[in-house]
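The basis for the numbers below is simple: all heavy atoms, side chains too, and nothing from hydrogens, waters or symmetry mates.
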Amino acid sequence: MKDLTKAMKTKYHHGMVQKPTVGGRIADIIMLVIVLFLAFICIVPMWHVLMSSLSDGFSLLAFKGLVLWPVGTPNLEGYKLIFRDESVITGYLNTVIYVVSTVSLGFVLNVLGGYAISRDTKLKAPMTLYLVFTMMFSGGMIPTYMVMNTLGLVGTRGAIILQEATMAMFIIIGANAFRGVPKSTVEAARIDGSGHLRTMFQVMLPQCIPLFMVTVLNTFVASWNSWLNAAIYVPAAREKWPIQLVINELVSRNANFLETATPNYDRYLIRFAIIVAATLPILIAFPFFQKQIEAGVIQGAVKE
């Protein structure tokens with residue numbers, strides 16, 4: 001047993017595994033400090049908003065500085081005020097519709113577009129150039145509105161869903177993902193009689209899921225936080241507003257509550273409570289996406 005322990009120590013000391021150097025330890029400490037600092041500046045603002053939403057409105061209005069715990073008597077009056085408004089519930093439902101639609105449509109478009117560009121065809125270079133060109137130059141808001149109006153989509157949910165479903169960068173990411181699939185796997189599938197759709201969805205896509213999950217996550221976040229397109233294309237249809245546009249309207253409506261004869265100081269909490277209510281779902285959903293992204297690339301098919 002002693003000989004085995006001695007041999008292990010000798011192997012550890014003289015083999016491939018080396019003890020951390022002083023410089024390595026210093027570098028680890030510096031990186032740890034940087035990560036903790038970044039975590040601090042990311043968490044503190046959200047904590048400030050959360051604690052403010054649980055504070056007493058009158059006490060919070062007079063308080064100056066960073067709120068680390070509820071000011072005054074903790075309460076949920078801010079949340080009661082926002083959920084008393086039916087437009088908030090409607091906004092949540094609309095946002096879910098937009099998110100599900102844009103993520104689903106965007107995923108299909110990214111897969112189809114990425115597959116088409118990743119194949120060695122005569123149109124590969126022109127299509128790639130076209131996508132890169134659209135990343136650098138855009139027609140602008142007015143031409144886009146004119147196109148949507150010509151298509152009869154102004155005032156409908158389709159104008160929002162189509163514009164937020166995908167972008168050129170996501171299709172390029174999809175193309176790079178498909179290019180990473182071994183050609184031998186694709187050739188084996190084609191020899192077995194697999195067509196383009198079957199090769200794309202059953203053979204290549206399972207090996208590219210982690211990269212496509214990145215596009216899904218970005219589409220999810222962008223769609224959840226989107227409000228500008230709704231303000232442009234469905235400004236009068238309040239029943240189609242997403243939660244972010246409802247938030248903007250609620251904050252604006254309660255901005256001058258102090259000018260009333262008998263101000264309700266709980267209305268000061270709305271700006272904090274609505275941020276928490278709108279952000280919490282995406283914070284809950286993010287770890288599930290993160291798990292999929294970090295799962296690793298699925299092993300490719302093995303030809304027997």
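Closest of all the heavy-atom pairs between Pro235 and Trp241 is O-CZ2, 3.2 Å. When all heavy atoms are compared, the tightest approach of Gly78 to Ala273 is C-CB, 3.8 Å. Nearest approach of Phe170 to Thr166, heavy atoms of both residues: CB-OG1, 3.8 Å. Taking all atoms of both residues into account, the shortest heavy-atom contact from Arg190 to Ser194 is NE-O, 3.1 Å. Residues Ala230 and Pro242 come closest through the heavy atom pair CB-CD, 3.3 Å. The nearest pair of heavy atoms linking Leu50 to Ser53 is O-OG, 2.6 Å.
Between the side chains of Ser226 and Glu164, at least one donor N or O sits under 3.5 Å from an acceptor N or O.
Pairs of residues two or more places apart, or lying in two chains, that qualify as salt bridge (Lys or Arg N to Asp or Glu O under 4.0 Å) and include a residue from residues 71-84 are Glu77-Lys80.
Under the 6.0 Å cut-off for aromatic ring centres, Phe83 and Tyr79 do not qualify, their centroids lying 6.0 Å or more apart. The aromatic ring centroids of Tyr145 and Tyr233 lie less than 6.0 Å from each other. Residues Phe107 and Phe220 place their aromatic rings such that the two centres sit no closer than 6.0 Å.
Met135 and Val214 sit in two unconnected hydrophobic clusters of ILVMFWY residues. Membership requires side-chain heavy atoms under 4.5 Å apart, directly or through other members. Cluster annotation: Leu197 is connected to Val186 through the hydrophobic network of ILVMFWY side chains, with a link wherever side-chain heavy atoms come within less than 4.5 Å. No path of Ile, Leu, Val, Met, Phe, Trp and Tyr side chains, each step under 4.5 Å between heavy atoms, connects Leu211 with Met204, placing them in separate hydrophobic clusters. Under a hydrophobic-cluster definition in which Ile, Leu, Val, Met, Phe, Trp and Tyr are linked whenever side-chain heavy atoms come within less than 4.5 Å, directly or via other members, Ile275 and Leu76 are assigned to the same cluster. Clustering ILVMFWY residues whenever any of their side-chain heavy atoms sit less than 4.5 angstrom apart, transitively, puts Leu109 in a cluster other than the one holding Met127.
Counting heavy-atom neighbours within 6.0 Å of Tyr130 OH, excluding the residue itself, gives a total of 12 or less. The number of heavy-atom neighbours closer than 6.0 Å to CE of Met46, taken from other residues, nucleotides and ligands shown, is above 12. Enclosure of atom CG in Leu36 by more than 12 non-hydrogen atoms of other residues, nucleotides or ligands within 6.0 angstrom is indicated. Counting heavy-atom neighbours within 6.0 Å of Met169 CE, excluding the residue itself, gives a total of 12 or less. Shown here is Glu86, whose CD atom has no more than 12 heavy atoms of other residues, nucleotides or ligands within 6.0 Å.
For the pair Ile232/Thr144, no side-chain contact is recorded, criterion being any heavy-atom separation below 4.5 Å from C-beta on. A heavy-atom distance below 4.5 Å is not found between the side chains of Thr156 and Val234. Using a 4.5 Å heavy-atom threshold, the side chains of Leu54 and Phe272 count as separate. With a 4.5 Å cut-off on side-chain heavy atoms, Leu60 and Leu269 count as touching. Side chains of Leu38 and Val35 form no contact here, defined as non-hydrogen atoms less than 4.5 Å apart. Counting only heavy atoms from C-beta outward, the side chains of Met167 and Ile173 never approach each other to under 4.5 Å. Contact of the Trp224 side chain with the Thr279 side chain is not registered, since no non-hydrogen atoms from C-beta on lie closer than 4.5 Å. Counting heavy atoms from C-beta on, the side chains of Ser52 and Arg271 never come closer than 4.5 Å.
A distance-only check finds a donor-acceptor pair linking the side chain of Asn264 to the backbone of Asp266 [under 3.5 Å]. Looking at Thr102, its side chain does come within 3.5 Å of a backbone N or O of Tyr98 through a donor-acceptor pair. Under the 3.5 Å distance criterion, the side-chain polar atoms of Lys240 are left unmatched by any main-chain donor or acceptor of Asn94. Checking side-chain atoms of Ser252 against main-chain N and O of Glu249 turns up no donor-acceptor pair under 3.5 Å. Judged purely by atom type and a 3.5 angstrom limit, Thr199 uses its side chain to pair as donor or acceptor with the backbone of Gly195. With hydrogens and angles ignored, the 3.5 Å screen pairs a side-chain donor or acceptor of Trp47 with a backbone N or O of Leu68.
Taking CG of Leu162 as the reference point, atom OG of Ser101 lies at 10.0 Å (rounded to 0.5 Å). One distance of note links CD1 of Ile243 with CD1 of Ile82; it measures 7.5 Å at 0.5 Å rounding. Taking CG of Leu93 as the reference point, atom CD of Glu239 lies at 13.0 Å (rounded to 0.5 Å). A distance of 12.5 Å separates NZ in Lys183 from OG1 in Thr185, rounded to the nearest 0.5 Å. In this structure, OG in Ser87 is found 10.0 Å from CG in Leu245, a value given to the nearest 0.5 Å. With rounding to the nearest 0.5 Å, the separation of CD1 in Ile274 from CD in Gln244 is 9.0 Å.
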Set out, in order, the CA-CA distance, both residues' side-chain angles and the distance that settles side-chain contact (heavy atoms from CB on, under 4.5 Å) for Ser223 and Val103, then state yes or no.
CA-CA 8 Å; Ser223 180; Val103 169; 5.6 Å; no
Is there a side-chain contact (heavy atoms from CB on, under 4.5 Å) between Val216 and Asn110 once you walk through the steps?
CA-CA 9 Å; Val216 169; Asn110 294 335; over 6 Å; no
side-chain contact (heavy atoms from CB on, under 4.5 Å) for Val49 and Val276? Distances and angles first, verdict last.
CA-CA 7 Å; Val49 172; Val276 176; 3.8 Å; yes
Evaluate side-chain contact (heavy atoms from CB on, under 4.5 Å) for Val111 paired with Phe178, printing each intermediate quantity in order.
CA-CA 9 Å; Val111 171; Phe178 281 125; 3.9 Å; yes
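A cation-pi arrangement is present between Arg119 and Tyr115 under the rule of less than 6.0 angstrom and at most 45 degrees off the ring axis.
Among the candidates Asp120, Thr121, Thr128, the single residue satisfying the side chain to side chain donor-acceptor pair (under 3.5 Å) test with Lys124 is Asp120.
For Phe58, the side chain to side chain contact (heavy atoms under 4.5 Å, CB included) test picks out Asp56, Tyr265, with sequence neighbours left out.
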